[in-house]
A.B. asks: 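My questions all concern the structure below.
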Amino acid sequence: MKIEKASNIDLEKMYAITKSCGKQMIEKGIFQWNELYPSKEVLQKDIELQQIWKLTDFNNIVGIIVLTEIEDEAYRNVKWLTENNKNLYIHRLAVAPKFQGKGYAQALMTFAEDYAPKNNYKSVRLDTFSQNKRNQYFYEQRNYTRLESIYFPDQSAFPFYCYELILNA
């Protein structure tokens with residue numbers, strides 16, 4: 001298993017992973033990702049900004065994660081636990097459905113949580129869909145604190161919950 005920055009040659013495979021995850025969530029009644037999000041253009045921008053990482057196992061891309069210090073506009077009014085200075089944001093964590101349940105999402109999160117203090121970030125921030133109870137449990141088991149709700153109207157009428165993990169200095 002290896003985690004490294006993704007490049008343009010990975011775009012189609014990463015897009016296929018996000019589409020298969022979106023389809024799987026919709027089949028489970030979780031309308032978190034749809035035909036508009038995440039788009040191929042969003043993933044391309046992640047590559048250009050060098051903020052998307054791929055997890056490979058036996059030369060297969062099995063998962064992705066975006067690590068960025070760019071704060072989304074939707075987060076601007078959130079009352080975070082730490083100051084808005086040197087925070088790492090996680091987006092688009094995805095593991096291909098056929099590889100789920102094998103610890104790959106845990107590995108990607110551990111990578112992010114190890115990466116953050118090595119790069120002097122004070123906290124790790126993210127959001128997850130209010131209707132995705134599995135994700136909420138996943139982050140809460142990793143000691144993330146649930147904060148307030150935000151909305152992405154292009155994705156759902158339901159809120160997304162913000163989470164933050166304060167890193168030890």
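This structure is a prediction, so every number in the text was calculated from the model and none was measured.
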A.B. asks: Which atoms form the tightest heavy-atom contact between F129 and P159, and what is the distance?
C.D. replies: CD1-O, 3.7 Å
A.B. asks: Quick check: is Y121 connected to F111 through a chain of hydrophobic side chains (ILVMFWY, heavy atoms under 4.5 Å apart)?
C.D. replies: yes
A.B. asks: Just wondering, more than 12 heavy atoms not from Q106 lying within 6.0 Å of its CD?
C.D. replies: yes
A.B. asks: Other residues, nucleotides and ligands only: do more than 12 of their heavy atoms fall within 6.0 Å of CD on E48?
C.D. replies: yes
A.B. asks: S149 side chain to Y161 main-chain N or O, any donor-acceptor pair under 3.5 Å?
C.D. replies: no
A.B. asks: Could you see if I3 belongs to whatever hydrophobic cluster contains I90? Use Ile, Leu, Val, Met, Phe, Trp, Tyr and a side-chain cutoff under 4.5 Å.
C.D. replies: yes
A.B. asks: Does R142 CZ have over 12 foreign heavy atoms under 6.0 Å away?
C.D. replies: yes
A.B. asks: Which atom pair, heavy atoms only, marks the closest approach of L108 to A94?
C.D. replies: CD1-O, 4.3 Å
A.B. asks: Distance check, rounded to the nearest 0.5 Å: I52 atom CD1 versus D10 atom CG?
C.D. replies: 9.0 Å
A.B. asks: Is there a donor in the side chain of Y144 and an acceptor in the side chain of E113, or the other way round, less than 3.5 Å apart?
C.D. replies: yes
A.B. asks: If we ignore angles and hydrogens, is there a donor and acceptor under 3.5 Å between the side chains of T128 and Q136?
C.D. replies: no
A.B. asks: Can you tell me if N34 uses its side chain to pair, donor with acceptor, with the backbone of L36 under 3.5 Å?
C.D. replies: yes
A.B. asks: Which heavy atom of N119 sits nearest to which heavy atom of K86, and what is that distance?
C.D. replies: O-NZ, 3.2 Å
A.B. asks: Are I64 and V95 connected in a single hydrophobic cluster, I mean Ile/Leu/Val/Met/Phe/Trp/Tyr linked by side-chain heavy atoms less than 4.5 Å apart?
C.D. replies: no
A.B. asks: Can a side-chain donor-acceptor contact be found between N8 and Q44 if the only test is distance below 3.5 angstrom?
C.D. replies: yes
A.B. asks: In terms of hydrophobic clusters joined by side-chain contacts under 4.5 Å, are M25 and F99 together?
C.D. replies: no
A.B. asks: Linking I/L/V/M/F/W/Y whenever any side-chain heavy atoms sit under 4.5 Å apart, do I17 and L93 land together?
C.D. replies: no
A.B. asks: Locate the shortest heavy-atom distance separating I47 from S7; write the atom from each residue and the value.
C.D. replies: CD1-O, 3.5 Å
A.B. asks: Are any of the side-chain heavy atoms of S123 and W80 separated by less than 4.5 Å?
C.D. replies: no
A.B. asks: Please check if atom OH in Y15 has more than 12 non-hydrogen atoms from other residues, nucleotides or ligands closer than 6.0 Å.
C.D. replies: yes
A.B. asks: Taking N87 for its side chain and E83 for its backbone only, find out whether a donor-acceptor pair lies under 3.5 Å.
C.D. replies: yes
A.B. asks: So, Q51 versus E69: side-chain donor-acceptor pair below 3.5 Å or not?
C.D. replies: no
A.B. asks: Roughly how far apart are L88 CG and L67 CG, rounded to 0.5 Å?
C.D. replies: 5.0 Å
A.B. asks: Determine, stepwise, if the pair E164 / T145 fulfils side chain to side chain donor-acceptor pair (under 3.5 Å).
C.D. replies: CA-CA 5 Å; E164 186 170 18; T145 301; over 6 Å; no
A.B. asks: Is it the case that the ring center of F160 lies less than 6.0 angstrom away from the ring center of F152?
C.D. replies: yes
A.B. asks: How about Q32 and S156: does a side-chain donor come under 3.5 Å of a side-chain acceptor?
C.D. replies: no
A.B. asks: Which pair of non-hydrogen atoms, one from K79 and one from E148, has the smallest distance, and what is that distance?
C.D. replies: N-OE2, 2.8 Å
A.B. asks: Say you draw a straight line from SG of C162 to CD1 of I150; how long is it, rounded to the nearest 0.5 Å?
C.D. replies: 4.0 Å
A.B. asks: Quick one, T82 and R125 - any side-chain contact, counting heavy atoms below 4.5 Å?
C.D. replies: yes
A.B. asks: Could you tell me if Y104 and D57 have a donor-acceptor pair between their side chains, going purely by distance under 3.5 Å?
C.D. replies: yes
A.B. asks: So, the side chain of N135 versus the backbone of K133: is there a donor-acceptor pair under 3.5 Å, distance only?
C.D. replies: no
A.B. asks: Does S39 use its side chain to pair, donor to acceptor, with the backbone of V42 at less than 3.5 Å?
C.D. replies: yes
A.B. asks: Is the number of heavy atoms from other residues, nucleotides or ligands within 6.0 Å of NZ (K23) greater than 12?
C.D. replies: no
A.B. asks: How about CG on N77, more than 12 heavy atoms from neighbouring residues, nucleotides or ligands closer than 6.0 Å, or not?
C.D. replies: no
A.B. asks: Would you say the side-chain atoms of K2 pair up with the backbone N or O of K54, donor to acceptor, closer than 3.5 Å?
C.D. replies: no
A.B. asks: Parallel, tilted or perpendicular: which fits the ring planes of Y89 and Y75, with parallel below 30° and perpendicular above 60°?
C.D. replies: parallel
A.B. asks: Of all the heavy-atom pairs spanning L167 and A116, show the shortest one and how long it is.
C.D. replies: CD1-CB, 3.4 Å
A.B. asks: What's the separation between atom OG1 in T18 and atom NZ in K40, rounded to the nearest 0.5 Å?
C.D. replies: 9.5 Å
A.B. asks: Using 30° and 60° as the class limits, which term best fits the ring planes of W53 and Y115: parallel, tilted or perpendicular?
C.D. replies: perpendicular
A.B. asks: Would you say the side-chain atoms of R92 and Y37 include a donor-acceptor pair closer than 3.5 Å?
C.D. replies: yes
A.B. asks: State the CG-CG distance between D72 and D127, to the nearest 0.5 angstrom.
C.D. replies: 7.5 Å
A.B. asks: Are more than 12 heavy atoms from other residues, nucleotides or ligands located less than 6.0 Å from atom NZ of K13?
C.D. replies: no
A.B. asks: Could you check whether Y163 and E140, counting side-chain N and O atoms only, form a donor-acceptor pair closer than 3.5 Å?
C.D. replies: yes
A.B. asks: Below 4.5 Å, heavy atoms only, C-beta onward: do T68 and H91 meet side chain to side chain?
C.D. replies: yes
A.B. asks: So, taking the atom named CD in E4 and the one named OG1 in T56, what distance separates them when rounded to the nearest 0.5 Å?
C.D. replies: 5.5 Å
